[in-house]
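Just below is one structure, and these are the notes that go with it.
If you're wondering where the values come from, they're calculated on a predicted model, not measured in any experiment.
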Amino acid sequence: MLPVPLSYSSILYLSSIYCPSSGDGSSNLNYELFCSCSHVSSMESQCRLIQTSFQKQQEPTKKERPSTEQAQSTQSEDFSILPPMPGQESSLRWEGKKYEDLHIVHVKATYNNTHIQVTDHNGLSMVRTSCGTEGFKNTKKGTPIAAQTAAISAAAKAIDRGITIVRVMVKGLGPGRMSAIKGLSMGGLQVVSITDNTPIPHNGCRPRKARRM
């Protein structure tokens, strides 16, 4: 292949591709770098030489990236928005308390009533309410409004005892299970996690016959 001379416009075009200007006057340096390669026999070899020189300039930045990525990965491993599993250590703290030391709100939602009980991490009962104790009678006890009212009352009593952050454990398939959790938040409690402890039979006892309507 015959040597191909490079014009000034060709040098500037190639320098803009392989060595883009960084805004600090490095375009002149790129032009001098290209001019120094004019003794190469062909355009292809000149381009290859300039590309390798540009790659060598970028090597220090590539070496710095793994350190930053490693630091970000370690931070992501330490922090998690999800609550820890039982028996799993976590660095998260709520008012200086671990997840296992937080107070627990037990919500038992049946089809006819909704019971709410606040205990400490050892199971000691501190607050207890239900739809019936809030003045609802008969079929009105099984409504979502009654469950929400009972939850707001339980949250107010818990705040009077100095409880602000709780974790909720729900049991049952009654109509007031979601309304009770919403009422706890409306009452001023900060809910950290919600756990569903509804028992599921694995072909256990025979269910009662369907009700005739």
Minimal non-hydrogen separation, Ile145 against Phe136, with atom names: O-CZ, 4.5 Å
For His115 against Ser130, the heavy-atom pair lying closest together: ND1-CB, 3.7 Å
Spatial distance of atom CG (Asp101) from atom CH2 (Trp94) [nearest 0.5 Å]: 10.5 Å
Validation: residues 104-114 side-chain donor-acceptor distances under 3.5 Å, sequence neighbours left out:
residue: His106; atom: NE2; partner: Thr119; partner atom: OG1; Å: 3.3
residue: Thr110; atom: OG1; partner: Asn113; partner atom: N; Å: 3.0
residue: Thr110; atom: OG1; partner: Asn113; partner atom: O; Å: 2.7
residue: Asn113; atom: OD1; partner: Cys131; partner atom: N; Å: 3.4

Atom CZ of Arg93 with >12 non-hydrogen neighbours under 6.0 angstrom: yes
Distance-only check: which donor-acceptor pairs under 3.5 Å involve side-chain atoms of residues 165-182, not counting sequence neighbours?
residue: Arg167; atom: NE; partner: Tyr99; partner atom: O; Å: 3.2
residue: Arg177; atom: NH1; partner: Gly172; partner atom: O; Å: 2.5
residue: Arg177; atom: NH2; partner: Asp196; partner atom: OD2; Å: 3.2

Option among Ile152, Leu189, Ile194 that satisfies the side-chain contact (heavy atoms from CB on, under 4.5 Å) test with Leu184: Leu189
Within 6.0 Å of CG in Asp160, more than 12 heavy atoms from elsewhere: yes
ILVMFWY cluster, Ile116 and Met126 together (side-chain gap under 4.5 Å): yes
Side-chain (Ser153) to main-chain (Thr149) donor-acceptor, under 3.5 angstrom: no
Where Leu102 and His121 come nearest, the two heavy atoms and their spacing: O-CB, 3.9 Å
Flag for Glu134-Thr129: side-chain donor and acceptor within less than 3.5 Å: no
